[in-house]
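Note sheet for the following structure.
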Amino acid sequence: MLYDAYEFQRSVLASAGAWANFGAGMLQNPANPFAYFGGGTVMASALEVFAHAAAPRGKPAFGLDRTIVDGREVDVIEEIVLQKPFGQLKRFVRKGVTGGPKLLIVAPMSGHFATLLRGTVERMLPTCDVYITDWRDARQVPLSEGFFDLDDYVDYLVEFMEAIGPGAHMLAVCQPSVPCYAAAALMSADKNPCRPKTLTMMGGPIDTREAPTAVNTLATERPHAWFSQNVIATVPMMYPGAGRRVYPGFLQLTGFMSMNLGNHMMSHWQMFKHLVRGDGESAEATKEFYDEYRSVCDMTEEFYLQTIDVVFQEHKLPKGEMTHRGRAIDLGAITDIALLAVEGERDDISGIGQTKAALTLATNLPDEKKQYLLAEGVGHYGIFNGSKWRDRIAPVVERWIADHD
């Protein structure tokens, strides 16, 4: 019922948004005499903001067609290296460019598409042969494809690293820090030649007992049964994954929006003022951000609930109790994978110390293969996107990869 009610509301808003967009266009048309009255501009701007907020959104495109390598512009094409039911391994091929460190960027499976890391990919393209985990919206996966949980996530990572081949590096952004760390430990224990040379973890919940945030508190103050009964819904019949039990992306988005509701309202107020003043460039920047931010996807019930239990409620990885298909995950098996932990001073999703804990847990890794970076004045999103990522954090990541390539 929850999902059906959402779809009904979405349909109504989409219709209203279409009419609002039509009205804004009419009021901005030079042939319309009302466009020259002051009230017409204000009304058109208000309608445009509403239309943008109400518009339905699908999976965005990366749109990374070019990059600069050694001072020259080269074309970039997307290539699917390995395709699986719940995700695919995508490579950004720089035409005419060979060599460079192979880098797997592991996108979070947390309600957004991998395109949320567009800025991360774009910044690393000039120096690295970049791959990314392109996770699939669970509502688009038929029930016949089976289920997907945290163990499957780790399996996918191992398969992706093997598909890339020996000598690659891994970068985990937020949520995947835990399964990436687990995969690195398993591959190390197995002496897998495709284990990563370096693992960079950025704003990840390795040990959520350190500096708990509002997100951590939400995950721990309610029992497992509450999440199962209140945030899990069934995919409606209109989607390929009809009947699949999921944690809907729209619920995840609602939670994140409510955490900083005042900031989001101010962003839209600023966009409205930009439109009234005719500052289309500034308004477009806000639109582009929210086009990506509001493009959400569903997670499978089993993956979401297992993550709540293992990562946030029972803290199994830092306690040494996490298993993969019944096999204990021994972080002490990591002896030659260089670890870089990156945290943001103002991160309200993963508190200071949660990612840094990974360095302490690798008890048999030499200190020279460990590094920690606390990015001052940086929030969660700024760790992997924006000017602070490009100018202050990415250079550290690049040096770390180059030093251990």
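All values below were derived from every heavy atom in this structure, side-chain atoms included, with hydrogens, water molecules and symmetry-related copies excluded.
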Does atom [atom1] ([X]) have a neighbourhood of more than 12 heavy atoms from anything else shown, all under 6.0 Å?
X	atom1	value
F147	CZ	no
E376	CD	no
K388	NZ	yes
R346	CZ	no
D70	CG	no

Residue pair R91, K102: steps toward the side chain to side chain contact (heavy atoms under 4.5 Å, CB included) verdict
CA-CA 10 Å; R91 181 188 181 193; K102 294 181 290 186; over 6 Å; no

What ring-ring contact (aromatic ring centres under 6.0 Å, His included) pairs are there with at least one residue in residues 186-217, not counting sequence neighbours?
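For residues 186-217: none.
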
Tell me whether [X] contacts the main-chain N or O of [Y] through its side chain, where contact means a donor paired with an acceptor under 3.5 Å.
X	Y	result
T133	A107	yes
D75	K95	no
E343	G353	yes
R136	P85	yes
D152	D149	yes
R139	C297	no
N364	G332	yes

So, taking the atom named CG in L150 and the one named OG1 in T307, what distance separates them when rounded to the nearest 0.5 Å?
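Nearest 0.5 Å value for the CG-OG1 distance: 5.0 Å.
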
Salt bridge (charged side-chain N to carboxylate O under 4.0 Å, His left out) against E78, all qualifying residues, sequence neighbours excluded
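With sequence neighbours excluded, E78 shows a salt bridge (charged side-chain N to carboxylate O under 4.0 Å, His left out) to K90, given in chain and number order.
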
Determine, stepwise, if the pair T67 / F92 fulfils side chain to side chain contact (heavy atoms under 4.5 Å, CB included).
CA-CA 10 Å; T67 189; F92 296 88; over 6 Å; no

Hey, are R195 and D190 close enough for a salt bridge, meaning a charged N less than 4.0 Å from a carboxylate O?
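No.
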
Salt bridge D155-R325, side-chain N to carboxylate O under 4.0 Å:
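Yes.
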
How are the rings of F384 and H380 set to each other: parallel, tilted or perpendicular (split at 30° and 60°)?
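Perpendicular: the ring planes of F384 and H380 meet at over 60°.
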
Describe, in one word, how the ring planes of F303 and Y153 are oriented to each other, choosing from parallel (under 30°), tilted (30 to 60°) and perpendicular (over 60°).
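Rings of F303 and Y153: parallel, as their planes differ by under 30°.
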
Would T127 and E398 count as having a side-chain donor-acceptor pair, cut-off 3.5 Å?
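Looking only at side-chain atoms, E398 and T127 do form a donor-acceptor pair, the distance falling under 3.5 Å.
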
Using side-chain hydrogen bond (donor to acceptor under 3.5 Å, both in side chains) as the criterion, point out the one residue from T200, T198, D129 that pairs with H169.
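With H169 as partner, side-chain hydrogen bond (donor to acceptor under 3.5 Å, both in side chains) holds for just one option, T198.
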
